[in-house]
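Comments concern the structure below.
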Amino acid sequence: MLDLTFDTPTPKVIAGAKHDWELVIGLEVHAQVATNAKLFSGASTLFGAEPNSNVAFVDAGMPGMLPVINEECVAQAVRTGLGLKAEINLFSAFDRKNYFYPDLPQGYQISQLYHPIVGEGEVLVELGDNKARVVRIERIHLEQDAGKSVHDMDPNMSFVDLNRTGVALMEIVSRPDIRGPEEAAAYVSKLRQIMRYLGTCDGNMQNGNLRADVNVSICRPGQYEKYQETQDFSHLGTRCEIKNMNSMRFIQQAIDVEARRQIALIEDGKEVVQETRLYDPDKNETRSMRSKEEAHDYRYFPDPDLLPLEIEQAWVDDIASALPELPDAKKTRFMADFGLSDYDASVLTADVANAAYFEQVADGRDGKMSANWVINELFGRLKKDDDKDITESPVSAAALGTLVGLIKSGDINGKIAKEVFEIAYTTGRDPSEIVETEGMKQVTDTGAIEAAVDEIIAANPAQVEKAKANPKLAGWFVGQVMKATGGKANPAAVNQMVSAKLGL
Ligand code: ADP
Ligand code: MG
C-alpha cells in the first residue's frame with residue numbers, strides 16, 4: 001500500500017475582471033469494457049470491422065429479441081470497482097433510458113440509474129512535486145454504447161454503423177473533487193492506467209474506448225470548502241457538461257475556455273444556465289448542444305426484459321484475490337526494492353507492460369542501472385524508431401538484462417555498451433554473443449593499457465609539456481588511449497595510468 005504523504009495541491013485560480021475564481025470539475029468517464037462480446041449479445045466487439053458486421057438481432061433492436069447479460073462484463077465492472085477501492089453492490093439492476101437516436105435502434109439505452117453495480121470509491125491522483133489529490137468516485141454503472149452515425153460519406157445521405165451498438169461501457173462518475181485542467185487530465189490518466197493494469201479497458205482514446213463528459217463550474221474562493229464540509233451543492237456554481245471528450249489535451253482546453261466563459265457571464269451580471277455543451281477545438285470554444293431539462297426527460301424505468309443482477313460475495317472475493325498488483329503499490333515497491341527515485345518509478349509503472357519489462361531486466365541486477373537503461377536508452381531508441389511500443393522492442397528484456405549484467409561485471413564499459421545495444425537493437429543479436437564475436441570486451445589488463453599510454457606519450461612530447469603545466473589537459477591523453485583501444489579500455493584504469501605517467 002502507498003504510505004507516502006502528499007501535500008494538497010492548490011486549486012486552479014482564474015482571474016476575472018472583478019474577482020478571482022476557482023474551478024470545480026466532476027467527470028463522467030465512459031470506459032469500454034475489454035471483452036470479446038457485447039453486454040447483452042454474443043456479437044463481437046472487435047474494432048475496425050466492416051460496418052454492420054458485428055450486429056446481433058438484439059443489437060439491431062429486432063422485435064421480440066431478448067438481452068442476455070454477459071457475465072464477463074459484470075466481472076470486469078467488479079474488477080474495476082475493486083481497483084478503485086470501491087464498494088461492490090451485490091444487488092444491481094438495469095433500467096431503460098428512453099430516447100430516439102438513429103444509431104440506437106432499440107429506442108432506449110439499457111443502463112443502471114437506480115442501482116449501479118459499483119458504489120463509492122476513490123482514486124489517488126499524483127500531480128508531481130509530492131502533491132496529490134484524492135478524487136472520490138460516486139459510482140460505476142454498466143450500460144450499452146450506441147452506434148455511430150456517419151455523415152461525411154455522402155453529400156445527401158447519412159449512414160449508420162451498428163458495430164458499437166450494445167458494446168458494454170462502464171460509466172465512472174466522480175465527485176466534483178477535481179480543481180483544475182491539469183488535474184482533470186491526470187485523473188483520466190490515472191483511471192486509464194488502473195484499468196489497463198486490471199485489463200478491464202484498453203484505454204485507447206483514439207478509438208473512442210475512453211471518453212469523458214466534463215462538468216465544469218466556477219466558484220469564489222472559500223465556497224468549495226463549504227461544500228466539502230456540508231456536501232451541499234448549493235455552495236457551488238451552476239455546472240455545464242461538456243460532452244464526449246476523447247483527448248487529454250482537449251479536455252484541458254475545454255475546461256479552461258468553459259470556465260472563462262462562465263466567469264465572463266457572471267461578472268457581466270448574467271447567469272450560467274445548466275446545459276450540455278460541445279467543445280470545438282478549431283475555434284477553441286464550447287457551444288450549447290441542448291438544455292439539461294429536456295435531455296433529462298428520459299422516462300427511466302426498470303428494464304422488464306432483465307432480472308435484477310444478484311452476485312455473490314464469494315464470487316467478488318474470488319475476483320479480488322486474483323487482482324493484479326496495481327500502479328500505486330507497484331510504484332512503492334519499485335522505489336523500495338530497486339532504490340528508484342519517485343520519478344523513475346513513476347515512468348516505469350506508467351504502463352503495465354513497461355513495468356513488467358523493467359522488472360525482468362532488473363531481476364537480480366542493479367536496479368538503478370537497469371532503470372537508466374530502460375528509460376534513457378531503450379525508451380529513447382523506441383521513440384526515435386517511429387515511436388514504437390515496448391511490446392515491439394527488438395531488444396527483449398532478457399537481452400537488455402544481459403547487457404546490464406555485462407556492464408556491472410566490468411566486461412564492457414558504458415560507451416561500448418551503447419554500441420552493443422545499437423547492434424542488438426538493429427539485428428536482434430544477443431549482447432553476450434555480440435561482445436564475444438566483435439571482440440568488444442573491456443580492456444582492464446593494465447599491461448595493455450600501459451603500453452598504449454606509453455606510446456601516446458612518446459609520440460606527443462609537446463602535449464606532455466602542456467599537460468604538465470595544466471593537468472586539465474590530461475583528458476586529451478585519456479581520449480587518445482580510448483581511441484587507440486577502440487573505446488574498449490576501462491576508463492578509470494586509463495585515467496589512473498595517464499595521471500601516473502605524466503606525474504600529475
Ligand atoms: P447528471 O446525471 O445530471 O449528469 P450527476 O449528479 O450524475 O448529474 O452529476 C454528474 C457529474 O457532475 C458528476 O461527476 C458530478 O461530480 C459533477 N458535478 C455535480 N455538480 C457539479 C458542480 N457544481 N461543478 C462541477 N461538477 C459538478
Ligand atoms: Mg451526466
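Start at 1 and go down the list; that is how both ligands and their atoms are numbered. Predicted model only: the values in this text are computed from it and were never measured. The figures that follow rest on heavy atoms only: side chains count, while hydrogens, waters and symmetry mates do not.
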Salt-bridge contact R261-E285 (side-chain N to carboxylate O under 4.0 Å): no
Charged tip of K97 within 45° of Y300 ring normal and under 6.0 Å: no
R179 charged N/C atom sitting above Y224 aromatic ring, 6.0 Å / 45°: yes
Pairing of R175 and E138 as salt bridge, 4.0 angstrom limit: yes
Polar atom proximity, I25 to ligand 1 (N or O, under 3.5 Å): no
Option set Q223, R239, E171, E28, criterion heavy-atom distance to atom 8 (O) of ligand 1, minimum: R239
Proximal ligand 1 atoms for F233, defined as those under 4.0 Å from one of its heavy atoms: 19 (C), 20 (N)
Ligand 1 to Q274 polar contact by distance, N or O atoms, under 3.5 Å: no
Stepwise ring-ring contact (aromatic ring centres under 6.0 Å, His included) check, Y108 with Y99: CA-CA 5 Å; Y108 55 84; Y99 59 101; 9.6 Å; no
Atoms of ligand 1, numbered as shown, that sit under 4.0 Å from any heavy atom of L236: 23 (N)
Per-atom contacts of ligand 1 with L27, taking only distances under 4.0 Å to non-hydrogen atoms: 14 (O)
Residue R175 vicinity, atoms of ligand 1 by number, heavy atom under 4.0 Å: 16 (O)
Residue pairs, two or more places apart or on separate chains, that pass salt bridge (charged side-chain N to carboxylate O under 4.0 Å, His left out) and touch residues 228-237: none
Criterion ring-ring contact (aromatic ring centres under 6.0 Å, His included) on F91 and H115, from CA distance to verdict: CA-CA 7 Å; F91 177 94; H115 301 284; 5.3 Å; yes
Atoms in ligand 1 with a heavy atom of P176 nearer than 4.0 Å: 16 (O), 26 (N), 27 (C)
Residue pairs fulfilling side chain to side chain donor-acceptor pair (under 3.5 Å) with at least one residue in residues 301-319, sequence neighbours excluded: R96-D303, R96-D305, Q313-D317
Positive for side-chain hydrogen bond (donor to acceptor under 3.5 Å, both in side chains) with T286, one of R260, K243, Q262, E258: E258
Within-cut-off N or O pair, E138 and ligand 1, under 3.5 Å: no
G237 neighbourhood, listing ligand 1 atoms whose heavy-atom distance to it stays under 4.0 Å: 23 (N)
Which of the ligand 1 atoms, numbered from 1, are nearer than 4.0 Å to a heavy atom of S174: 13 (C), 14 (O), 15 (C), 16 (O)
Enumerated ligand 1 atoms positioned under 4.0 Å from heavy atoms of E241: 4 (O)
Distance-only N or O hit between ligand 1 and V173, under 3.5 Å: no
